[in-house]
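Some notes on the structure that comes next.
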Number of protein chains: 2
Amino acid sequence: MSQRKATSDAGRATIRDVAERAGVSVASVSRVLSGNYPVSEELRRRVMKVVRDLDYVTNAHARSLAGGGTPTVAILINNITGAAFAHVAKGVEGAATLRGWLSLVGTTGDDPERELALVNLMRQQGVAAVILLGGAYDYDEYQLRMARFARSLDAAGSHLVLVGRPPLEGDVPATTVDYDNEGGAYAMASHLLSAGHRRVLVLPGHAELTTAQGRLKGAQRAFDAYGAPFDPGMVRHGPYDYEHGYEAVEAALHDTPDFTAVLAGTDVVAAGAAQALRAAGLRVPEDVSIVGYDDIPLASQLTPQLTTVHVPYEEMGRVALRAVADRREGGGGRRKSPDGDHLVLGTHVVVRNSVRPPAAHA
Amino acid sequence: MSQRKATSDAGRATIRDVAERAGVSVASVSRVLSGNYPVSEELRRRVMKVVRDLDYVTNAHARSLAGGGTPTVAILINNITGAAFAHVAKGVEGAATLRGWLSLVGTTGDDPERELALVNLMRQQGVAAVILLGGAYDYDEYQLRMARFARSLDAAGSHLVLVGRPPLEGDVPATTVDYDNEGGAYAMASHLLSAGHRRVLVLPGHAELTTAQGRLKGAQRAFDAYGAPFDPGMVRHGPYDYEHGYEAVEAALHDTPDFTAVLAGTDVVAAGAAQALRAAGLRVPEDVSIVGYDDIPLASQLTPQLTTVHVPYEEMGRVALRAVADRREGGGGRRKSPDGDHLVLGTHVVVRNSVRPPAAHA
DNA sequence: TTGAAAGCGATACCAC
DNA sequence: GTGGTATCGCTTTCAA
């Protein structure tokens with residue numbers, strides 16, 4: 001199992017196998033395959049025939065080592081099962097494919113250790129960039145952690161991109177692609193307020209999650225703007241999942257049953273909330289209005305269809321990749337583009353059928 | 001930008017940088033890092049310090065070239081946005097991580113050319129296996145195409161795994177992880193029949209899609225078993241998406257409005273069907289019963305909660321990876337395991353609230 | 001236009 | 001226990 005010299009057979013055909021069999025030098029084979037160098041038609045034909053015969057493909061590792069190689073971006077997601085993130089990934093994938101880039105997806109399962117391990121793994125792979133998706137916990141430590149990632153990747157010739165996360169403070173080599181999270185929440189809450197709702201159950205998400213904080217803040221600002229009192233007792237924190245939506249509404253129905261609307265942190269939470277309401281014999285939106293956040297396909301598939309905040313996830317993915325690609329192209333001159341490394345996309349309310357003015361007798 | 005010899009600084013620190021700075025040989029550094037060789041405490045300490053100082057990580061490509069390297073599996077999906085596939089991917093990811101393997105996800109967008117390109121790309125990457133997910137079109141050409149992939153990957157020391165796809169005929173080096181698709185459909189249709197339904201609208205999926213064919217066949221078998229007439233006019237083909245479910249029901253309401261139940265090819269199709277029914281003023285399940293297939297989270301989040309067929313997607317992913325890993329471990333003795341390369345997992349009906357006996361007056 | 005040979009970064013075998 | 005060094009497969013000068 002040690003020194004096979006036989007042409008082909010063992011494991012995988014190499015460029016040398018092709019060269020020998022075609023009676024040319026490895027350099028020529030390489031040229032034909034790369035296509036970035038003038039080669040005689042005759043030679044090209046001979047080489048290509050052997051390539052087909054042997055079903056040869058170049059070894060990406062060797063190629064990468066020697067300088068060439070397909071640029072690759074890594075996408076790190078908490079949970080591949082989340083619809084919103086899947087759309088960002090799709091956006092990245094699409095844009096990457098368009099440029100002939102490769103993209104990998106890794107999942108962290110919300111585990112910081114695993115996140116670190118993956119970042120290093122990707123650094124080993126020599127990826128052009130690591131794209132981190134989704135809200136983050138613990139703002140203070142977050143800054144330090146990300147700054148470390150950023151510098152580490154930068155030193156390795158890679159680059160950190162934060163998508164849907166807070167930007168980094170100070171002079172850190174990272175790019176952030178964000179959306180107007182707070183603004184979306186502000187608009188969404190305003191929509192509820194202008195419909196006449198005042199007692200609204202707010203389910204922003206985990207208290208320590210940055211996206212949840214932004215959504216809560218946006219809602220509060222809207223209440224302030226409307227001169228409506230904001231009751232902290234109407235806020236219930238919890239994970240962005242169906243169960244939380246269900247349980248929070250169940251609990252609220254017990255504790256503060258006078259709410260006329262639910263402002264959910266995500267569409268999935270809204271779905272859970274709606275179910276709980278129905279289980280309690282309440283109708284949506286006749287008795288209680290519900291709004292979500294994200295505008296994933298689920299939002300328009302629920303009954304009633306959910307009024308929610310549209311977040312341009314797929315576009316964020318595309319933008320993130322473009323940012324990386326641009327930075328590579330223009331890589332010659334290192335411009336510290338003082339701006340341009342924090343892009344913010346807009347959000348907007350999508351009105352569907354889950355909101356009504358509060359019932360008159362309320 | 002060409003011949004930097006300075007320790008570190010340029011791009012990325014190498015093992016040589018570490019060796020020099022620690023005043024030891026590259027061999028020693030390699031040993032310390034691999035950890036699979038006795039090394040003095042003193043040396044290890046010195047090396048590790050420098051590694052930390054330089055924030056050094058080994059170059060995965062070089063390592064891979066030289067023999068070592070992290071085993072990697074590639075998952076090829078049609079659409080990363082599909083919930084069912086995402087769960088398979090999650091299963092693969094989890095099992096891979098457990099073993100310290102890496103896993104990549106690529107999307108084909110239902111494009112055969114792109115699929116081919118990705119298979120080759122993965123072959124270049126030297127992945128341990130390529131896992132293809134989801135139903136396939138055109139059975140005849142499919143066999144040839146997959147056989148080619150299988151041999152090609154096998155020759156490159158890799159391996160093809162088909163998940164949720166028909167197994168390959170003949171002596172082809174591939175592994176198939178499948179679920180009892182037809183059986184699930186049979187059970188689901190039986191459930192409907194035993195509730196008294198006879199006129200059921202069937203939305204199996206695309207006519208050329210293998211999973212759709214299996215689901216349709218299972219349904220037909222159930223009708224036969226019940227001695228109930230199966231009306232081909234009640235079958236409507238189309239993509240596995242929400243829109244198709246909606247439109248198919250709309251059309252059926254016009255053409256053959258006497259159906260009392262809908263047998264949808266997937267949960268998402270069922271969701272669309274339910275919406276269309278409601279839009280037409282029909283209640284689910286009081287007026288029309290609906291069942292789905294897949295049992296993705298959406299199924300239990302709809303109102304009413306969907307009775308559907310549970311497919312163990314995540315487990316399929318885990319099983320697929322285990323199959324690849326086992327085959328690697330036992331790689332020494334090449335056993336052509338005549339069986340064991342076609343695993344079939346069971347499916348079962350999950351009863352929820354979307355089925356009632358047909359209305360008496362029907 | 002084509003060939004020979006020097007790396008790319010890490011591993012592992014062979015001496016010491 | 002530690003240090004040389006050939007080698008992995010490919011790209012890319014440098015000559016011819």
Side-chain angles (χ1 to χ4, degrees), chain A residues 1-5 7-8 10-47 50-51 54 56-71 121 123-126 156-157, chain B residues 1-5 7-8 10-47 50-51 54 56-70 123-126 156-157:
Chain A
M1 213 151 60
S2 35
Q3 34 204 69
R4 294 248 186 56
K5 267 232 156 159
T7 306
S8 76
R12 187 172 168 175
T14 74
I15 197 175
R16 189 142 43 221
D17 296 327
V18 177
E20 275 175 19
R21 192 138 155 182
V24 302
S25 74
V26 295
S28 296
V29 176
S30 175
R31 291 187 185 113
V32 170
L33 264 36
S34 318
N36 51 18
Y37 208 84
V39 181
S40 77
E41 251 320 302
E42 157 67 8
L43 202 169
R44 135 164 284 103
R45 234 194 315 278
R46 274 229 303 276
V47 169
V50 176
V51 165
L54 262 44
Y56 168 84
V57 288
T58 71
N59 180 320
H61 296 299
R63 183 206 287 265
S64 176
L65 230 203
T70 313
L121 196 54
R123 202 146 59 98
Q124 292 177 195
Q125 297 286 326
Chain B
M1 208 137 85
S2 36
Q3 33 203 70
R4 295 248 187 54
K5 268 227 156 164
T7 306
S8 76
R12 188 170 166 175
T14 74
I15 197 176
R16 191 140 43 222
D17 295 329
V18 177
E20 276 176 19
R21 192 136 155 183
V24 302
S25 73
V26 295
S28 297
V29 176
S30 177
R31 290 188 188 111
V32 170
L33 264 35
S34 317
N36 51 16
Y37 209 84
V39 180
S40 77
E41 252 320 302
E42 156 67 8
L43 204 171
R44 136 165 282 105
R45 235 196 313 279
R46 273 229 303 276
V47 170
V50 176
V51 165
L54 261 44
Y56 167 85
V57 288
T58 70
N59 180 321
H61 298 299
R63 181 204 291 262
S64 173
L65 232 202
T70 314
R123 199 146 58 101
Q124 292 177 195
Q125 296 286 327

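Proteins get letters first, then strands, A, B, ... in listed order; numbering begins at 1 in each.
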Item to check | Inter-residue atom distance B:Q124.CD - A:R63.CZ, 0.5 Å rounding | outcome: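 One finds 6.0 Å between CD of B:Q124 and CZ of A:R63.
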Checklist entry - When rounded to the nearest 0.5 angstrom, what distance separates OG in B:S64 from CG in B:N59? => result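 Spacing of OG (B:S64) from CG (B:N59) equals 9.5 Å.
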Checklist entry - Partners of A:R46 by side-chain hydrogen bond (donor to acceptor under 3.5 Å, both in side chains), sequence neighbours excluded? => result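 Scan of A:R46 (side-chain hydrogen bond (donor to acceptor under 3.5 Å, both in side chains), adjacent residues dropped) gives A:E42.
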Next on the checklist: Under a 3.5 Å distance rule, please check whether B:H61 uses its side chain to pair with a backbone N or O of A:Q125 as donor and acceptor.
Outcome noted: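 It does hold such a pair.
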Checklist entry - Where is the tightest heavy-atom contact between B:A19 and B:S25, given as atom of each residue plus distance? => result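 Heavy atoms of B:A19 and B:S25 come nearest at CB-C, 3.8 Å.
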Checklist entry - Closest heavy-atom contact between A:R123 and B:V57? => result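 It is NH2-CG1, 3.3 Å.
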Roughly how many Å is it from [atom1] in [X] to [atom2] in [N], rounded to a whole number?
X: A:E20; N: C:dT2; atom1: CD; atom2: P; answer: 19 Å
X: B:H61; N: D:dT11; atom1: NE2; atom2: C1'; answer: 15 Å
X: B:L65; N: D:dA6; atom1: CG; atom2: P; answer: 18 Å

Item to check | C:dC8 OP1/OP2 closer than 4.0 Å to side-chain N/O of A:S64 | outcome: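 No, A:S64 has no side-chain N/O under 4.0 Å of OP1/OP2 on C:dC8.
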Checklist entry - In the 5'-to-3' direction, what one-character label does each nucleotide of nucleotides 10-16 of chain C receive under the scheme B = base within less than 4.0 Å of a protein heavy atom, S = sugar-phosphate only, - = no such atom? => result BSBB---
Item to check | Salt bridge present between A:R16 and A:E20 (N-O < 4.0 angstrom) | outcome: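 Looking at A:E20 together with A:R16, the answer is no, because their closest N to O distance does not fall below 4.0 Å.
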Checklist entry - Is there side-chain contact between A:T58 and A:I15, with at least one heavy-atom pair below 4.5 Å? => result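 Sidechains of A:I15 and A:T58: no contact.
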Next on the checklist: Between the opening five pairs and the closing five pairs of the helix from C:dT1-D:dA16 to C:dC16-D:dG1, how far apart are the helix axes, to 10°?
Outcome noted: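 One end axis against the other gives 40°.
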